Amino acid sequence: MSETSGPSRGTALGPRYRSAALRALGEQEFDLLVVGGGVVGAGAALDAVSRGLSVALVEARDLAAGTSSRSSKLIHGGLRYLEQFDFRLVREALKERGLLVSRLAPHLVRPVSFLYPLRHRVWERFYIGAGITLYDTLAGKYGLRRHRQLTLRRTLEKAPALRRDALVGSIEYYDAQVDDARFTMMVAKTAAQYGAVVTTRTPVIGFLRDGDRVAGARVRDLESGEEIEVRARAVVNATGVWTEELQRMAGVAVARTPAEQVSVRASKGVHLVVPRERIRLDTGLILRTEKSVLFVIPWGPHWIVGTTDTAWDLDKAEPAATHADVDYILDHVNAVLNTPLTRDDIEGVYVGLRPLIGQSGANTVKLSREHAVTRPVPGLVIVAGGKYTTYRVMAQDAVDAAVEELGHPVPASVTERVPIIGADGFEAVRNNRRRLAERAGIPVSRVEHLLGRYGSRVEELIQILEAAPGLGDPIPGAEGYLKVEAVYAATHEGALHLEDVMVRRTRIFIEERDHGLAASQEIAELLTPVLGWDADTVKREIADYRQHVQADEAAQREEDDAAANAVRLRGLTSSEAMS
């Protein structure tokens, strides 16, 4: 269970790495400081460090703690943007989808088929068919399998869960999916592999100034309370829905001139997780509603069903789903299912906030998913908006803008050709899965599970299992994961708290009906020797996680956003008071 002794050696983001990284923050001056550990911030750190720049990445909570762990888990071009004639955005996203599936992260991003049910026999098949033909065409050489027109009979063979009277046929097309939190963490690990200094639980509490120029930031280590001044020649604000808060902290007012009246607005997207056996489909499903696009997305032994699209201006750290949100999703998916879903079928609920670029008062459904990069004051670059699929392009554009602050030539972006950790040699390692299983003393099916989460880095977990074979057993109460994965989350993936493991390094929080409470003791004990916890810390971590679960469940019983937000915040506040 070895881990690196310094922030520029290896990629084991364990406790010793973190100690060395915190020292480096205070001792070095960096070319670029990236604020925000979501996928865009992690992507910016990787883009910059792979150009030869010295880079630090600081995150207020955990990697992907916000939007980047709560998306629809899709890597897609965005069919609905064709109706808005935004062909450039769709083409750009489809190229990124192709790069991720084929070159950058084939271990994490996988093609998935979807059915688009048709309700009208002639005009809709022609209209939707033409749109999806254009979708396939815009992908060009980066395309996946081309779409197919299906009759009603063939549709019901692939989707026996659908009501015969709800459709006249369908179109099958392809996009891709990803575990968003896992991908974000591995992008950050890749940046660390090339020399970036990456720290979590280090929120920015102020910015350093050199005259009018932003020259770095003050951060606080939430684990120790220590404050650190981080000097940097340029700073990138990649904080998503928190963009304006950081902008104000830097002393930059939100633009008010007619030409620059652009702000970041949060749109709430709610998703349900239900058992795979409850919906008899051999493919994913996409439905149009009056307010949003509704997906039924395969997710291991589960389905993800969502999403909503409503404005949110309350707590951004922990947005809440309401009773009405859940009803909205159930009502719309049940309109096409033979056997309706009920609340008893729901295993988990999660909520994400989309950072949309738009004007105050605009309907969030109509706001653009395109991104913006601005330099409001010397030394500060802001990147905002966009969608998960195009994170790499957003990161490249942000670093391009930051490079102009440095005053010397810097190589162009190379991230189109830099695979994410675990992609190198993935196919060769996968072909050797039986040998790996023999070495580790575990079934081949468990090795295949690990390959789908760690890619070629599965070798590191196999080495741990060779030294401690008992870690190859499933976690009691969360049998979809192995004990070694909890250990590895702390030794190699930067997990500092029980919640990090339950919610983001694994997806136990949304996949288990009890949200992993039955597994929490076992997982806390696995983390204890790595993170140096004592018995009181274990109790506090479990109590904090239990309160997190209870606050989330209580919010879902409320009918409106304000009430749900208040209930959730009260629950989290009482947890902090007890700890």
Side-chain angles (χ1 to χ4, degrees), residues 39-40 42-43 64 67-82 89-116 131-148 158 171-187 190 269 271 276 281-286 293-300 302-307 352 354 369 386-395 415-416 418-423 426-427 430 448 451-455 507:
V39 72
V40 176
T67 301
S68 294
S69 62
R70 308 177 191 193
S71 74
S72 296
K73 325 298 184 204
L74 291 176
I75 299 295
H76 64 129
L79 269 177
R80 67 174 172 145
Y81 302 122
L82 290 179
L89 177 62
V90 175
R91 182 186 292 109
E92 178 181 81
L94 290 172
K95 174 187 175 181
E96 294 304 308
R97 183 193 69 180
L99 288 172
L100 288 166
V101 168
S102 64
R103 180 191 303 170
L104 301 183
H107 57 311
L108 298 173
V109 183
R110 304 174 187 86
V112 60
S113 64
F114 286 93
L115 288 183
Y116 192 115
I132 296 180
T133 297
L134 177 59
Y135 194 67
D136 288 342
T137 302
L138 288 173
K141 67 178 181 179
Y142 299 103
L144 305 176
R145 291 178 59 180
R146 294 188 70 84
H147 75 280
R148 297 188 302 163
K158 294 183 72 68
I171 298 176
E172 183 181 27
Y173 75 100
Y174 287 80
D175 262 319
Q177 69 176 160
V178 67
D179 182 330
D180 48 6
R182 173 138 221 90
F183 182 87
T184 299
M185 181 274 301
M186 293 187 85
V187 173
T190 308
H271 302 78
R276 192 68 174 263
L281 296 174
D282 294 333
T283 177
L285 189 67
I286 177 174
V293 175
L294 195 72
F295 287 99
V296 179
I297 306 163
W299 183 256
H302 317 271
W303 294 104
I304 292 174
V305 186
T307 179
R354 306 174 189 88
R369 296 310 305 272
K387 53 188 286 187
Y388 198 103
T389 302
T390 56
Y391 85 93
R392 193 194 64 80
V393 177
M394 295 173 65
T415 52
E416 189 173 310
V418 177
I420 304 305
I421 277 179
F426 171 58
E427 291 186 6
R430 182 174 58 188
E448 290 173 340
L451 282 165
R453 286 172 47 77
Y454 305 91
R507 291 319 189 112

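Throughout, numbering of the chain's residues begins at 1 and tracks the sequence. This structure is a prediction, so every number in the text was calculated from the model and none was measured.
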Problem - CD1-CD1 distance between I132 and I171, expressed to the nearest 0.5 angstrom - result: 4.5 Å
Exercise for the section: Check R276 against P298 and note the closest heavy-atom contact, atom names and distance. Expected result: NH2-CB, 3.6 Å
Practice task
Carefully, step by step, assess T67 and Y388 under the rule side-chain contact (heavy atoms from CB on, under 4.5 Å).
Solution key: CA-CA 9 Å; T67 301; Y388 198 103; over 6 Å; no
Handout entry: Closest contact, heavy atoms only, M186 versus L108
Key = SD-CD1, 3.7 Å
Practice task
Using a 4.5 Å cut-off on heavy atoms from C-beta on, say whether the side chain of L74 contacts that of D175.
Solution key: no
Practice task
Using the ring of Y454 (Phe, Tyr or Trp, six-membered ring only), decide whether R182 places NZ or CZ under 6.0 Å from its centre and within 45 degrees of its axis.
Solution key: yes
Practice task
Would you sort out whether F295 and Q177 count as a side-chain contact (heavy atoms from CB on, under 4.5 Å), showing the intermediate values?
Solution key: CA-CA 12 Å; F295 287 99; Q177 69 176 160; over 6 Å; no
Handout entry: Check: T283 main-chain N/O paired with S113 side-chain donor or acceptor under 3.5 Å
Key = no
Practice task
Verify the neighbour count for atom CD of E427: are there more than 12 heavy atoms of other residues, nucleotides or ligands below 6.0 Å?
Solution key: no
Exercise for the section: Report yes if the side chains of Y116 and I286 come closer than 4.5 Å at any heavy-atom pair, otherwise no. Expected result: yes
Practice task
Tell me, with the steps shown, if L99 and Y142 meet side-chain contact (heavy atoms from CB on, under 4.5 Å).
Solution key: CA-CA 7 Å; L99 288 172; Y142 299 103; 3.7 Å; yes
Practice task
Would you please say whether a donor-acceptor pair under 3.5 Å links the side chains of H271 and S72?
Solution key: yes
Handout entry: K95/E416 ion pair, N-O < 4.0 Å
Key = yes
Problem - Test: R507 and D180 ion pair at under 4.0 Å - result: yes
Exercise for the section: Identify the heavy atoms of Y174 and R145 that sit nearest to each other, and give their distance. Expected result: OH-NH1, 3.2 Å
Exercise for the section: With rounding to the nearest 0.5 Å, note down the distance linking OG1 in T389 to CE in M394. Expected result: 11.0 Å
Problem - Test side-chain contact (heavy atoms from CB on, under 4.5 Å) applied to H147 and T133, step by step - result: CA-CA 7 Å; H147 75 280; T133 297; 3.1 Å; yes
Practice task
Write down the atom of V101, the atom of A176, and the distance for their closest heavy-atom approach.
Solution key: CG2-CB, 3.9 Å
Practice task
Starting at CD of E448, measure out to CG of L451 and round the result to the nearest 0.5 Å.
Solution key: 7.5 Å
Handout entry: Side-chain (R110) to main-chain (H107) donor-acceptor, under 3.5 angstrom
Key = yes
Practice task
Compare all side-chain heavy atoms of K73 with those of I297 and state whether any distance is below 4.5 angstrom.
Solution key: no
Handout entry: Side chain to side chain, L100 and V178, heavy atoms closer than 4.5 Å
Key = no
Handout entry: Close side-chain approach of T137 to R146, heavy-atom, < 4.5 Å
Key = yes
Problem - Rounded distance (nearest 0.5 Å) linking atom NZ of K158 with atom CG of L281 - result: 10.0 Å
Handout entry: Side-chain heavy atoms of D179 within contact of W299, under 4.5 Å
Key = yes
Exercise for the section: Evaluate the side-chain proximity of F114 to H76: yes if any heavy-atom separation is below 4.5 Å, no if none is. Expected result: no
Practice task
Check whether any side-chain heavy atom of R392 lies under 4.5 Å from a side-chain heavy atom of L104, and answer yes or no.
Solution key: yes
Problem - Exercise: identify the closest heavy-atom pair between T190 and I421 - result: OG1-N, 3.0 Å
Practice task
Please state whether the rings of Y391 and F183 are parallel, tilted or perpendicular, taking 30° and 60° as the class boundaries.
Solution key: perpendicular
Handout entry: Considering all heavy atoms, the nearest A93-G77 contact
Key = CB-CA, 3.7 Å
